[in-house]
Amino acid sequence: MTKENLIRGWNEDLAAELGTVIRYTYQAFRCYGLLAAELRELLATEAQDELGHAAFLMDVIQDLGGEPTTTPKPFDKPADLKGMLGLDVKLEAEDVANYLAHAKLTEQLELPELKLKLEEMAADEAGHGREWRRLLKGI
Ligand SMILES: [Fe+2]
Ligand SMILES: [Fe+2]
């Protein structure tokens with residue numbers, strides 16, 4: 001494991017975060033019906049969390065000598081609410097897995113602060129996923 005591999009992995013995480021900020025902002029304005037008010041608020045709040053994650057990754061990538069990506073990862077646009085939330089549950093779970101994997105990699109490079117922060121971000125994503133699953137059950 002090298003620093004370069006870790007930076008490559010973090011740039012993939014960063015692209016996913018930038019995609020999620022755009023996806024949640026986009027989805028917030030695709031919500032209609034009874035759930036729309038609650039959902040819009042949640043999506044807006046979570047988009048802010050994801051922006052914070054993206055900012056952290058940009059900071060550490062630059063700090064370790066890398067060039068942070070500014071290209072968001074593309075995402076699907078399901079037409080209905082169920083499809084939308086299902087996609088969000090799936091992508092949040094992927095983010096959890098990626099952050100936990102990258103947290104393990106930081107152990108080999110002895111970057112304890114980054115390990116803790118990545119685990120905290122994995123926990124944030126797990127919380128987001130739980131929120132979407134809870135809403136999905138009610139649809
Ligand atoms: Fe995130
Ligand atoms: Fe998230």
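What you are looking at is a predicted structure, and each value in this text was computed from that prediction instead of being measured. Indexing begins at 1, ligand by ligand and atom by atom, following the structure's order.
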Take Glu125 and Asn98, measure what side chain to side chain donor-acceptor pair (under 3.5 Å) needs, and give me the verdict at the end. CA-CA 11 Å; Glu125 312 299 18; Asn98 288 332; over 6 Å; no

Report, as yes or no, whether the 6.0 Å neighbourhood of atom CD on Gln62 holds more than 12 heavy atoms from other residues, nucleotides or ligands.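 Check passes, neighbour count above 12.
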
Interatomic spacing from CG in Leu91 to CG in Asp76 - rounded to 0.5 Å: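 Leu91 CG to Asp76 CG: 8.0 Å, rounded to 0.5 Å.
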
Measure the NE2-CD1 distance between His102 and Ile7 for me, rounded to the nearest 0.5 Å.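 Answer rounded to 0.5 Å: 12.0 Å.
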
Below 30° counts as parallel, above 60° as perpendicular, anything between as tilted: where do the rings of His128 and Tyr24 land?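 Perpendicular.
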
Please determine whether Glu92 has a backbone or side-chain N, O or S atom lying under 2.8 Å from the Fe ion (ligand 2).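 Yes.
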
Going through the checks in order, is the salt bridge (Lys or Arg N to Asp or Glu O under 4.0 Å) test met by Glu12 and Arg8? CA-CA 7 Å; Glu12 286 167 17; Arg8 199 170 310 124; over 6 Å; no

Within less than 2.8 Å of the Fe ion (ligand 1), how many protein N/O/S atoms are there?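 With waters ignored, the protein N/O/S count below 2.8 Å is 5.
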
